[in-house]
Number of protein chains: 2
Amino acid sequence: MTPGPREQLLDKAITHFAREGVRDTSLRGLAPHLGTSQRMLSYHFGSREGLLTAVIDKVVADTTSALRTLFDEHADPFEAGRENWRRAADGARLFGALFFELSSHAMYGKDYARDLGQTVVTRTEEAFAEAYRSRTDEATARVLARLTLAVGNGLLFSTLIDADRAASDAAVEEFITLVRARVESSARQ
Amino acid sequence: MTPGPREQLLDKAITHFAREGVRDTSLRGLAPHLGTSQRMLSYHFGSREGLLTAVIDKVVADTTSALRTLFDEHADPFEAGRENWRRAADGARLFGALFFELSSHAMYGKDYARDLGQTVVTRTEEAFAEAYRSRTDEATARVLARLTLAVGNGLLFSTLIDADRAASDAAVEEFITLVRARVESSARQ
DNA sequence: GTCTATAACTCGATAGAC
DNA sequence: GTCTATCGAGTTATAGAC
């Protein structure tokens with residue numbers, strides 16, 4: 001199944017948005033970089049907002065499927081967390097700024113960005129909570145899940161600003177150590 | 001010292017940006033909401049980018065001075081952290097989306113947003129590290145500072161997406177408990 | 001400092017031929 | 001599906017009177 005022209009354009013558009021931002025990229029300015037015309041972007045996506053919606057839908061779909069395989073492959077929530085961080089940080093240089101830019105659109109209440117918010121917070125948090133449940137009680141699992149997601153997003157944020165990946169890696173390890181001790185102590189009770 | 005018209009316009013502009021976003025706010029559309037004209041915005045700030053620069057400069061100055069008083073008033077880094085979270089979360093409904101939107105501009109490498117990045121990551125992290133140094137060794141202080149800032153920004157992010165302030169408050173308390181245990185155990189060595 | 005007016009430009013959307 | 005061409009509304013920046 002070879003992707004149609006629409007899917008090819010969408011992939012290229014995401015790459016370009018990741019580099020240049022959504023903020024000051026117009027359909028006119030975007031088209032030449034994708035080897036197409038403004039008319040074709042309008043034709044395939046209906047409108048500028050239609051293109052943004054398609055971009056977010058694809059990002060959401062990719063994130064969701066990646067998350068599913070992640071927790072299928074790692075029964076240990078700490079291993080899953082470490083692996084999730086590694087993937088996010090590796091991709092950050094490419095897609096990190098776009099991630100936070102589109103998320104800010106969700107915060108402003110833009111319709112086309114609502115699914116993104118649901119995916120990057122609610123669903124991811126739920127996946128972490130599910131993994132923690134095997135190690136601790138329900139209430140602790142929920143609060144640790146929220147904290148874990150926050151650590152991931154917060155370190156992604158810091159890394160994108162100051163480019164200090166090593167410091168963020170160290171912080172992840174520190175956090176894993178902290179939580180592991182916490183879960184072991186609650187299991188001993 | 002009563003503020004001049006420029007400063008009054010700037011304050012109102014920040015409030016409006018916080019509600020509507022920078023992305024789709026033009027000088028023309030902004031002016032009537034501030035009780036002025038597009039001509040006056042150009043006159044006082046030179047250009048649209050000049051206005052954005054002024055907005056960021058003010059946000060940076062306010063954040064820096066708030067941070068200084070924060071650590072002057074609370075010697076206990078855990079109290080300072082809790083208070084920092086309280087302030088950030090209280091202001092989040094007003095300025096949170098703007099914070100992440102402008103930060104994404106810094107990630108894209110926009111000149112006018114560089115100072116913002118320095119302030120919200122490098123300087124804040126340094127302030128936390130300074131506070132932790134009184135409780136633990138240098139290396140641990142640095143990694144805990146990075147982790148603490150990440151928790152704050154990450155929970156701010158989650159709260160802005162899903163509006164669950166209570167869950168974030170609980171996560172902050174959980175984190176303080178974790179780190180307090182960590183610091184006490186390292187002090188015992 | 002403030003106003004009106006406008007120049008010069010860019011945008012998204014669309015018409016219509018092929 | 002793809003092209004050229006254009007409409008109409010939007011933008012910033014600026015000229016010039018008061």
Side-chain angles (χ1 to χ4, degrees), chain A residues 1-58 98 101-102 104-105 108-114 116, chain B residues 1-58 98 101-102 104-105 108-113:
Chain A
M1 172 178 141
T2 77
R6 195 191 121 107
E7 279 61 41
Q8 293 186 32
L9 285 176
L10 185 54
D11 283 343
K12 290 192 213 166
I14 291 176
T15 303
H16 192 266
F17 279 140
R19 197 164 42 231
E20 304 293 333
V22 171
R23 156 87 175 70
D24 33 29
T25 300
S26 65
L27 292 186
R28 250 183 171 74
L30 176 63
H33 290 97
L34 315 188
T36 187
S37 63
Q38 186 221 342
R39 184 67 188 86
M40 280 299 92
L41 291 177
S42 290
Y43 175 79
H44 284 296
F45 301 101
S47 66
R48 183 181 196 272
E49 186 154 310
L51 173 57
L52 286 187
T53 303
V55 165
I56 288 183
D57 283 351
K58 184 159 171 59
L98 182 60
E101 185 180 23
L102 292 179
S104 81
H105 293 192
Y108 284 124
K110 301 278 178 194
D111 289 343
Y112 61 85
R114 192 171 310 160
L116 181 69
Chain B
M1 169 177 139
T2 77
R6 195 191 121 108
E7 279 62 41
Q8 293 186 33
L9 286 177
L10 186 54
D11 283 344
K12 291 192 213 165
I14 290 176
T15 304
H16 191 266
F17 278 140
R19 196 163 44 232
E20 303 295 334
V22 170
R23 157 80 176 78
D24 32 28
T25 299
S26 65
L27 293 185
R28 220 198 263 283
L30 175 63
H33 290 96
L34 316 187
T36 187
S37 63
Q38 185 224 342
R39 183 66 187 87
M40 282 297 94
L41 291 177
S42 290
Y43 176 77
H44 284 297
F45 300 101
S47 66
R48 185 180 194 273
E49 185 155 316
L51 173 59
L52 284 188
T53 303
V55 165
I56 288 185
D57 283 351
K58 185 158 171 58
L98 182 60
E101 185 180 22
L102 292 179
S104 80
H105 293 191
Y108 284 124
K110 302 276 179 196
D111 289 343
Y112 60 85

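Note on naming: letters A, B, ... go to the chains in the order of the sequence lines (proteins, then strands), and numbering restarts at 1 for each one. What you see below is based on every heavy atom in this structure, not just the backbone, and it leaves out hydrogens, waters and symmetry mates.
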For atom CD of E49(A) and atom C1' of dC11(C), their distance in whole Å: 15 Å
d(CE, M40(B); C1', dT14(D)) in whole Å: 12 Å
Nearest listed nucleotide, side chain of L27(B), among dT2(C), dT12(D), dT2(D): dT12(D)
Under 3.5 Å: donor-acceptor pair, side chain of S42(B), backbone of R39(B): no
Under 4.0 angstrom between S37(B) side-chain N/O and dC3(C) OP1 or OP2: yes
Under-4.0 Å side-chain N/O to phosphate OP1/OP2 contact, S26(A) with dC11(C): yes
Side-chain-base donor-acceptor pair under 3.5 Å for R28(B) and dG10(D): no
Spacing of L34(A) atom CG relative to dG1(D) atom P, expressed in whole Å: 17 Å
Candidate nucleotides dG12(C), dT2(D), dT2(C), ranked by approach to the side chain of R48(A) - the nearest: dG12(C)
Among R23(B), K110(B), H105(B), side chain to side chain contact (heavy atoms under 4.5 Å, CB included) partner for D24(A): K110(B)
Would you list the protein and nucleotides 14-17 of chain C atom pairs, both N or O, that sit under 3.5 Å from each other?
residue: dA15(C); atom: N6; partner: R39(A); partner atom: NE; Å: 3.0

L30(B) CG - dT11(D) P separation (whole Å): 11 Å
Stepwise side chain to side chain contact (heavy atoms under 4.5 Å, CB included) check, R48(A) with V22(A): CA-CA 11 Å; R48(A) 183 181 196 272; V22(A) 171; 4.3 Å; yes
Protein-nucleotide distance (F45(B), atom CZ; dG1(C), atom C1'), rounded to Å: 14 Å
Student check: side-chain heavy atoms of K58(B) and D11(B) closer than 4.5 Å: yes
Minimal non-hydrogen separation, Y112(A) against I56(A), with atom names: O-CD1, 3.5 Å
Side-chain heavy atoms of F45(A) within contact of T53(A), under 4.5 Å: no
Whole angstrom value for the distance that separates P of dG12(C) from CG of L41(A): 10 Å
Q8(A) CD - dG1(D) P separation (whole Å): 12 Å
Results of salt bridge (charged side-chain N to carboxylate O under 4.0 Å, His left out) for K12(B) - residues two or more places apart only: none
Touch class at under 4.0 angstrom, heavy-atom based, for T36(B) against every strand present: nothing
